[in-house]
Amino acid sequence: MAAWLFKTEPDTFGIDDLANRPDKREGWDGVRNYQARNFMRDSMQVGDDAFIYHSSCKVPGIAGLAKVSKTGLVDPTQFNPESPYFDPKSTPENPRWIMVELEYVETFVNITPLKKIKENPNINVIPLVNKSRLSVMPVNEKEFDILLSMSRNHSLS
DNA sequence: GCCAACGTTGGC
DNA sequence: GCCAACGTTGGC
């Protein structure tokens with residue numbers, strides 16, 4: 001089973017919004033980056049772990065955990081002219097943007113800040129730390145274990 | 001297919 | 001709000 005990290009702006013949609021959905025699930029729409037899309041389309045499987053990372057906020061960092069609950073969904077916002085994610089070049093016959101659905105698992109008591117993540121030499125592999133702007137990125141097993149224990153230990157303090 | 005210009009992201 | 005990093009666009 002693989003693990004991933006999803007960036008999101010909590011002002012728009014954060015871990016609390018996911019937790020407050022009636023079924024605690026949400027289609028992860030609005031990703032408009034081919035590399036990120038390819039991860040969702042080609043590599044994700046139901047049951048994969050998914051960190052929810054909050055960006056562009058007071059304390060950027062990992063806020064919670066979710067899991068992939070559906071794969072291979074067509075992002076409906078690409079066909080909606082009113083949506084900021086509208087893509088006039090995409091057609092229903094050949095949709096360009098594929099998404100997954102995430103299901104809420106856990107909110108960490110405290111955010112695990114990017115600052116702390118950067119300080120750990122064992123997790124400098126992920127594009128997050130490398131200043132990439134990828135909004136969806138893979139997290140290897142070792143990194144996942146470290147990040148999860150950081151997040152849970154931190155929540156005890 | 002190169003690459004300069006431009007727009008966006010996102011931490012600070 | 002600044003600006004570095006990076007993806008995308010479009011002229012050639």
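Labels below follow one simple rule: chain letters A, B, ... track the order of the sequence lines, proteins then strands, and each chain is numbered from 1.
- Of the charged side-chain nitrogens involved, at least one lies within less than 4.0 Å of a carboxylate oxygen, so that E103(A) and R25(A) count as a salt-bridged pair.
- In this structure, F39(A) and W4(A) have tilted ring planes: the angle between them lies in the 30° to 60° band.
- When DNA chain B is scanned 5' to 3' for any atom under 4.0 Å from a heavy atom of chain A, the first and last hits are dG7(B) to dC12(B).
- Under the 30°/60° scheme for interplanar angles, the aromatic rings of F6(A) and W28(A) are found to stand perpendicular.
- For E141(A), the CD atom sits in a loose shell: 12 or fewer heavy atoms of surrounding residues, nucleotides or ligands are nearer than 6.0 Å.
- With respect to the salt-bridge test (charged N to carboxylate O, under 4.0 angstrom), the residues D87(A) and R32(A) do not qualify.
- Between the two ends of the helix from dG1(B)-dC12(C) to dC12(B)-dG1(C), each summarised by a five-pair axis, the helix axis turns through 10° (rounded to 10 degrees).
- A donor-acceptor pair shorter than 3.5 Å cannot be found between the side chains of S55(A) and R133(A).
- A donor-acceptor pair is defined here as one N or O able to donate and one able to accept, closer than 3.5 Å; no such pair exists between the side chain of D145(A) and the backbone of K142(A).
- I98(A) and L73(A) fall into different hydrophobic clusters, where Ile, Leu, Val, Met, Phe, Trp and Tyr residues are linked whenever their side-chain heavy atoms come under 4.5 Å apart, directly or through other members.
- Between the OG1 atom of T77(A) and the CE atom of M99(A) there is a distance of 7.5 Å, given to the nearest 0.5 Å.
- Of the residues in residues 58-66 of chain A, those with a non-hydrogen atom less than 4.0 angstrom from any atom of DNA chain B are P60(A).
- Within the 3.5 Å criterion, the main-chain N or O of I117(A) finds no donor-acceptor partner in the side chain of N120(A).
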